[in-house]
Asker: 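Let me begin by handing over the structure; questions about it come next.
All values below were derived from every heavy atom in this structure, side-chain atoms included, with hydrogens, water molecules and symmetry-related copies excluded.
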Amino acid sequence: MNAFTKAEAVAIETAALLEAADPAKNLILVPLSQLQPRRSKRNARTTPRLSIPELAASIARVGLLQNLIVIAAADGERYEVVAGDRRLTALKLLAKKKRIPADYEVPCLLVPDASARTVSLAENLLREQMHPADQFEAFAALVKEGRPIEDIAADFGVSPLVVQRRLKLANLSPCLLADYRAGAVTLEQLMALTITDDHAAQEAAFYDAPEWQRRAPTLRERLTEREIDATHPLVRFVGLDAYTKAGGGLRRDLFADDDSGTYLTDAALLETLVHAKLDAQAEEVRAEGWAWVEAVPHMSHADRQTFQNAPRRRREPTAREARRIASLQGRLDKIDATLEEAYDAEDEDKVAALEERREQVAGELQAIEDAMQDYAPDVRAVAGAIVTIDREGEAVIYRGLLREAEAKALRTLHRLRQGFAGESANEEGGDKPEPTKAANVSDRLAQRLSAHRTAALQIEVAQHPHVALAALVHGMVQTVLQPDAYSDGLPLGVRLTVKDRLESFAPDVSESPAAVALRTLPPSNSARSRACPCCCSPTRCARRWRPTCSAAPTGAYSMPITISLAWPTCRASRWKN
């Protein structure tokens, strides 16, 4: 005879105190209209109801498989649902959509008021959910029975993609599914392994890897290491449709939501298509008259730096272009004036709109200026172009490139032409004197002159802080947008180091007019003082295109020093952007 534990005995004795719900006696059919729609206070569930449309679709297809549990309402005519609130909401939704009649008879189990809360809790608490692996295999069994995927999806109120994903998981290696049931494999790992249907490859990817290399992305990469992601720049350049039309194979990850889960299995075909498209574009560039044109799929920054840029000449604008330039420049000046007023008024919305308009007008002006820049025929005769692909999968054309030998030949040709031009001028001019040659100066004198010129430049920059700010921002932009050109590319700030060596070159530079003016420069001229509205500093924030709240003291403009400038530290967040 089996022995009862003490806990089991207590549970049985406690249950006996309540009146048991008897489906044989108390199972009734209640019209849907007599069931109160609001949640009963005796219902143990209080969280929001989820997946109602899916449940309604399932009830419409296969019927209500489980009865509701109700108690008699206070009015004696209607009933409160204490268990089955999701089913009731789904039935109300079907009635609203005219899928079932308003007086649809719902099977309900009537229980006493004293047992209502206990029955509701027992119905929810003692129910055991099906293991996900059982769901996968059950979906696969339905397909084997001949049920179409669309019908299965309709039965359970899900999309066909959900059914296909369950079938993919059911097709995994039995060893992996067994370990999933045991908790040794996670669902995310199984989803990553479904990228292939080869059980041996699945098991090798998982079991042959150390535990720290079994993350889902790592497993997916291991199984697709010889394939190309559809988001690769080469794939974007060719186009996925062109690749598939050429007969290329694809492997799709059903658990990915975009093209990142699509992989190209024929790398050789993709390479052929890339070269064919690049060569076609290179032919169009050759028609421009360049000495050479190359088509390469990838060109690094270092590769680009091996070439020199051929000089361009600016042609005079046509009458129409001149009118357009004048019009755009006038609009730009008006926008700048209005933008300065908006800065002073601290109208951030207006500032943002004006800055956008200014960028648009400046872009149009720059486009006209670029169109007037061209290469001379003799430059095209030695320079070349390269057609390549950028990181976004777009074709990029670098024109006017010169190799070292070509650049040297072009410089030699330019010097020869200048020499011939000088001789011709002398012949035509007759007795005209030769141009005076620049006097040779000693290195010491050249250093002194350079020092004085540097001092003059310092005072000019100090008197025009917007120029200094533009130079500083230029350095910051290069640091952020061209990290390959610098060893430190962190976008946290910029460090400027200026060495004071002028007096070593010119002992009298401190007495020069520029140096004297720099020392006596008043703070109002150098900083254009005005209280910052966010931190009460005597200077404006960077948002206003003025020296920042963390600017150096007034003396920073008076002599060359080492400046370490971090991003503004204003306390008001709206001035940090």
Side-chain angles (χ1 to χ4, degrees), residues 1-97 99-135 138 155-158 181:
M1 187 173 85
N2 296 332
F4 287 100
T5 64
K6 183 176 181 181
E8 291 172 342
V10 171
I12 294 174
E13 292 174 0
T14 304
L17 298 177
L18 297 174
E19 183 178 349
D22 188 357
K25 299 179 181 178
N26 299 329
L27 190 63
I28 58 177
L29 294 176
V30 180
L32 182 60
S33 58
Q34 293 185 12
L35 295 174
Q36 291 186 351
R38 64 178 181 276
R39 191 192 303 271
S40 173
K41 296 181 179 179
R42 310 288 183 88
N43 195 327
R45 282 185 178 269
T46 58
T47 54
R49 295 159 289 207
L50 304 175
S51 306
I52 300 301
E54 291 83 353
L55 180 58
S58 177
I59 294 175
R61 292 276 297 185
V62 300
L64 185 64
L65 303 180
Q66 186 178 359
N67 60 264
L68 279 61
I69 301 177
V70 299
I71 59 174
D75 57 9
E77 297 181 357
R78 299 203 293 176
Y79 297 88
E80 295 181 15
V81 177
V82 297
D85 191 58
R86 283 183 66 246
R87 282 161 276 165
L88 173 62
T89 306
L91 290 170
K92 293 285 186 180
L93 178 61
L94 290 175
K96 183 179 180 180
K97 293 184 176 182
R99 300 288 298 277
I100 59 175
D103 56 352
Y104 176 82
E105 292 186 339
V106 183
C108 300
L109 180 62
L110 182 63
V111 299
D113 290 359
S115 305
R117 195 179 301 275
T118 302
V119 171
S120 175
L121 180 61
E123 199 234 20
N124 291 283
L125 184 62
L126 301 179
R127 179 175 52 192
E128 184 176 359
Q129 292 288 346
M130 176 185 289
H131 193 278
D134 295 336
Q135 297 180 28
D155 289 344
F156 296 96
V158 296
R181 294 178 188 274

Asker: For residues Asn67 and Pro107, report the shortest heavy-atom separation together with the two atoms involved.
Answerer: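 Asn67 and Pro107 have their closest heavy atoms at CB-O, 3.2 Å.
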Asker: For the CD1 atom of Ile52 and the CZ atom of Arg87, what is their distance to the nearest 0.5 Å?
Answerer: 11.0 Å
Asker: Using side-chain heavy atoms (C-beta onward) and a distance below 4.5 Å, is Val106 in contact with Leu64?
Answerer: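 SC-SC contact between Val106 and Leu64 confirmed.
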Asker: Sequence neighbours excluded, which residues qualify as ring pair (Phe, Tyr, Trp, His ring centres under 6.0 Å) partners of Phe156?
Answerer: Phe139
Asker: In a table with atom names and distances, give each donor-acceptor pair under 3.5 Å that connects a side chain of residues 68-78 to protein atoms at least two apart or in another chain.
Answerer:
| residue | atom | partner | partner atom | Å |
| --- | --- | --- | --- | --- |
| Asp75 | OD1 | Glu77 | N | 3.0 |
| Asp75 | OD1 | Arg78 | N | 3.2 |

Asker: Tell me, please, which residues at least two apart from Ala56 pass side chain to side chain contact (heavy atoms under 4.5 Å, CB included).
Answerer: Ala90, Leu93, Leu94
Asker: Got a sec, which pairs hit salt bridge (Lys or Arg N to Asp or Glu O under 4.0 Å) with one end in residues 65-74, sequence neighbours left out?
Answerer: none
Asker: Taking atom CG of Leu35 and atom NZ of Lys92, what is their separation to the nearest 0.5 Å?
Answerer: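 Rounded to the nearest 0.5 Å, the CG-NZ separation comes to 6.5 Å.
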Asker: At what distance, to the nearest 0.5 angstrom, does CD of Gln66 lie from CD1 of Ile59?
Answerer: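 One gets 10.5 Å once the value is rounded to the nearest 0.5 Å.
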Asker: Between the side chain of Ser120 and the main-chain N/O of Ala116, is any donor-acceptor distance below 3.5 Å?
Answerer: no
Asker: Can you sort out the partners of Glu105 under side chain to side chain contact (heavy atoms under 4.5 Å, CB included), two or more places apart, ordered by chain and number?
Answerer: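 By the side chain to side chain contact (heavy atoms under 4.5 Å, CB included) rule, Glu105 matches Leu29.
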Asker: On a heavy-atom basis, which atom in Asp134 and which in Arg181 lie closest, and how many Å separate them?
Answerer: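 That would be OD1-NH1, 2.6 Å.
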Asker: Can you sort out the partners of Asp155 under side-chain hydrogen bond (donor to acceptor under 3.5 Å, both in side chains), two or more places apart, ordered by chain and number?
Answerer: Arg61, Arg147
Asker: With sequence neighbours left out, write down each residue that passes side chain to side chain contact (heavy atoms under 4.5 Å, CB included) with Ala95, or none if nothing qualifies.
Answerer: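 Result, side chain to side chain contact (heavy atoms under 4.5 Å, CB included) vs Ala95: Leu32, Ile100.
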